[in-house]
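Data block below; observations after.
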Amino acid sequence: MITKNDFQLPKFPIIYIKLLSKHSELIAAILSGVLILIAWILEGKIHDTSWVALNLTAFTIGGFAKAKEGLEDTIVNKQLNVELLMIFAAIGSASIGYWTEGAILIFIFALSGALETYTINKSEREISSLMNLQPEKALRVSGQKEAWVDVTSLIIGDRILIKAGERVPADGIITKGSSSIDESAITGESIPVEKNKHDEVFAGTVNINGSLTAEITKLSSESLFQKIINLVQTAQSEKSPSQLFIERFESSYVKIVLITVGLMMFLPHFLFGWSWTDTIYRAMILLVVASPCALVASIMPATLSAISNGAKNGVLFKGGVHIENLSNIKAIALDKTGTLTIGKPEVTDTYIHPDHHESDILGVVRVMEKESNHPLAQAIVKFCNEKNIKEPFEINEMKDVSGKGITAIINDEDWKIGKADFIGEHAYQFAGNLPSQLAREAKTLVFIAKKNEVVGLIALKDSLREDTIEAIKTLNNYGIHTIMLSGDNSDTAKAIAKEANIDHYIANCMPEDKVTHIKELRKKYQNVAMVGDGINDAPALATANIGIAMGAGSDVALETADIVLMKNKLTKIANAIKLSTKMNKIVKYNIIFSISVIAVLIATNFIQVLDLPLGVIGHEGSTILVILNSLRLLKS
């Protein structure tokens, strides 16, 4: 049987509605251009009223969005702007009979506006594409039961199953299985990373070839992936100093142009004997060519393009001011542990006084160090576990002296573990010249003292990151002075600095000293960047002109820093500086070009060799060229 449903028309696909909405400005500009072309072809062939109506339609379609934007901005900020200036120019052109020129002005202005909107949308699409990568559901495992739940309902401690080919729904630690993980959404690196038990996995990354069970370590709102989205969204809303200056300049400039045009409409008639037609015509051309459209568009599209480019490649800028200032730094201070080095030291040597048993001393060390989260303490505890060291001791009155060591009372005896200056001046005399020899090998020394007598020594070494030497070399090639901040003694710090080819080092640097050293470096070099990853680096990151945090660093460091390197690769800093330099060059060229075009157009108008059509094309053409030049940063 045939029913009425058989005769229903197909619904207009939603995708087309979205496309029309997304590209509405461009569609309006093109439609306006088509109507202008039709009006130009039919000029003299149709009634004047119809021809004017055709041009008015082109005016309305092409200029509506910009006119609305200009009026709303003027009402909200109580300041004149470029949009209004161009609308006045188009209306003025039409009022003296230059309908086609006015319509072309609206068309090209609408086209340049559509290009600028494309730049903003492109930057926003980078965020939207990131947000779409985060799954909304997760397969929670509880005993033998499995259930799909909303990611937002997951709590710390929940276990989830991630099958091959699925995206990781939340940050966690692998408790079962191994696989290759594609972390390109976070780091910008296309090469998969091998992950095994106890390794971290991050929301938004892809499990390639094995099933994993992971324990949730962060809520979905606090995941690294969500932080990336928040950081880039914040960056888009923050404007660089240059952009803020241009925006402040724009309102004053528009007022000057309007006053000048007002004078131009009658003064040349009396001063130079121009006819009223020529006087008004030249005033309208001035209104068109003096508008700072290209100048206003010189910075924002370039900044947004650079921020999008950085986010795509694992470098997050928290605002235009930071990407603008990065290429101006003269010196860069780098924390040692976790920044220049991997941050996972390993025990290389132990020496226990012959009057004591190694197992007894290491048992005391283990019971004291297991209470600490410091990388050195964790490495020592791991070493003790591998040697099956027991700890049949009761610990009392343990104290952690930040950056120096720990103290405790065990079996009514005072124990100390830490740096030489914490133990006492005699520490370096332990076992002859052994401590000095180990320090020269770039090893970190931990002394063990019982009742103020040194009874043992543990040496650890934290290897340099694979890309550290390459990164430092690149920074030096840029003429940037490199300084390492290290809590190690002078011999150890000197050895590491030499291995990494760093220009200068500051040894025995306590966490509270880093801020002082950054302030001194700022006095010497003016523009200084600081790179760190730990909680104790946060004050120094805030003190530096630009703070750069390693992506795997502490939450405090990530919040404080101005730039975040999502992949813990120092070479990304050089890439970021290169991007900053290129952006600043493009902005500089844009400004010089736009001002030059305005100056030439104004001069040729005053000597009466510039016609309105050429003025329109020259002015709006320069705006389009400036925006297209900025868009090159999306591909660099």
Side-chain angles (χ1 to χ4, degrees), residues 336-337 341 345-384 387 389 391 393-462 485-496 505-514 534 536:
K336 188 205 80 174
T337 305
T341 63
E346 294 182 349
V347 174
T348 58
D349 305 89
T350 58
Y351 185 87
I352 306 300
H353 194 283
D355 293 343
H356 297 270
H357 292 292
E358 181 183 58
S359 58
D360 292 339
I361 299 300
L362 291 181
V364 171
V365 171
R366 187 185 186 283
V367 75
M368 290 175 69
E369 294 286 24
K370 75 175 184 178
E371 304 294 327
S372 174
N373 286 323
H374 194 282
L376 292 179
Q378 293 176 344
I380 291 171
V381 171
K382 180 183 177 183
F383 173 76
C384 292
K387 291 180 71 68
I389 298 297
E391 46 177 74
F393 303 103
E394 288 188 9
I395 187 169
N396 298 300
E397 298 183 28
M398 180 173 163
K399 293 180 181 178
D400 188 340
V401 182
S402 179
K404 291 188 175 182
I406 53 178
T407 64
I409 296 176
I410 298 175
N411 296 338
D412 297 323
E413 296 175 323
D414 292 328
W415 287 82
K416 281 185 177 182
I417 301 175
K419 297 179 179 180
D421 59 353
F422 179 61
I423 301 298
E425 294 181 359
H426 59 286
Y428 253 78
Q429 299 169 5
F430 177 69
N433 67 345
L434 179 63
S436 297
Q437 179 184 332
L438 293 172
R440 285 193 295 271
E441 295 173 4
K443 294 177 181 177
T444 300
L445 306 183
V446 176
F447 293 89
I448 309 157
K450 176 183 178 183
K451 295 181 179 179
N452 291 323
E453 178 189 352
V454 180
V455 296
L457 168 65
I458 299 175
L460 304 95
K461 188 166 184 180
D462 186 6
L485 303 180
S486 173
D488 291 320
N489 62 70
S490 184
D491 287 340
T492 304
K494 181 180 179 181
I496 295 172
Y505 65 89
I506 299 174
N508 299 308
C509 186
M510 301 296 291
E512 58 270 24
D513 295 334
K514 290 181 179 179
N536 58 8

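The residues of the chain are indexed from 1 along the displayed sequence. Keep in mind it's a predicted model, so treat the numbers as computed, not measured.
Annotation: the span from H356 atom NE2 to L362 atom CG amounts to 12.5 Å, rounded to 0.5 Å. Distance NZ/K443 to CD1/I458: 13.5 Å, rounded to 0.5 Å. How far CD1 of I395 is from CG of N411: 11.0 Å, rounded to the nearest 0.5 Å. Between the CD1 atom of I448 and the CG atom of L457 there is a distance of 7.5 Å, given to the nearest 0.5 Å. Taking NZ from K461 and CD1 from I496, the interatomic distance works out to 8.0 Å, rounded to the nearest 0.5 Å. Taking CD1 of I352 as the reference point, atom NE2 of H357 lies at 12.0 Å (rounded to 0.5 Å).
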Discussion item. Using side chain to side chain contact (heavy atoms under 4.5 Å, CB included), reason through T348 and E441 one step at a time and then give a plain yes or no.
Written reply: CA-CA 11 Å; T348 58; E441 295 173 4; over 6 Å; no
Fill in: D414/N452 under side chain to side chain contact (heavy atoms under 4.5 Å, CB included): CA gap, chis, key distance, verdict
CA-CA 8 Å; D414 292 328; N452 291 323; over 6 Å; no
Practice prompt. Decide side chain to side chain contact (heavy atoms under 4.5 Å, CB included) for F422 and V446; before the verdict, give the C-alpha distance in whole Å, the side-chain angles of both, and the deciding distance to 0.1 Å.
Written response: CA-CA 10 Å; F422 179 61; V446 176; over 6 Å; no
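Heavy-atom minimum distance, G405 versus D400: O-OD1, 3.5 Å. Contact detail for S486 and K336: the closest heavy-atom pair is OG-CD, 3.7 Å. The two residues R440 and A495 make their nearest non-hydrogen contact at O-CB, 3.5 Å. Scanning all heavy atoms of the two residues, the minimum distance from I406 to E369 falls at CD1-OE1, 3.6 Å. V347 and A379 make their closest contact through CG2-O, 3.9 Å (heavy atoms, listed as atom of the first residue, atom of the second, distance). Here the closest heavy-atom approach between residue V455 and residue K450 is recorded as CG1-CB, 4.1 Å.
Looking at S490, its side chain never comes within 3.5 Å of a backbone N or O of A507 through a donor-acceptor pair. Formation of a donor-acceptor pair under 3.5 Å by the T492 side chain with backbone atoms of T444 is not found in this model.
More than 12 heavy atoms of other shown residues, nucleotides or ligands fall within 6.0 angstrom of atom CG in D355. Atom CD of E346 sits in a sparse spot, with 12 or fewer heavy atoms from other residues, nucleotides or ligands closer than 6.0 Å.
With respect to the salt-bridge test (charged N to carboxylate O, under 4.0 angstrom), the residues K451 and E453 do not qualify.
Within the 4.5 Å cutoff, side-chain heavy atoms of H353 are placed close to those of F430. Between F383 and L460 there is no side-chain heavy-atom pair separated by less than 4.5 Å.
The side-chain hydrogen bond (donor to acceptor under 3.5 Å, both in side chains) test applied to K382 returns no partner, not counting sequence neighbours.
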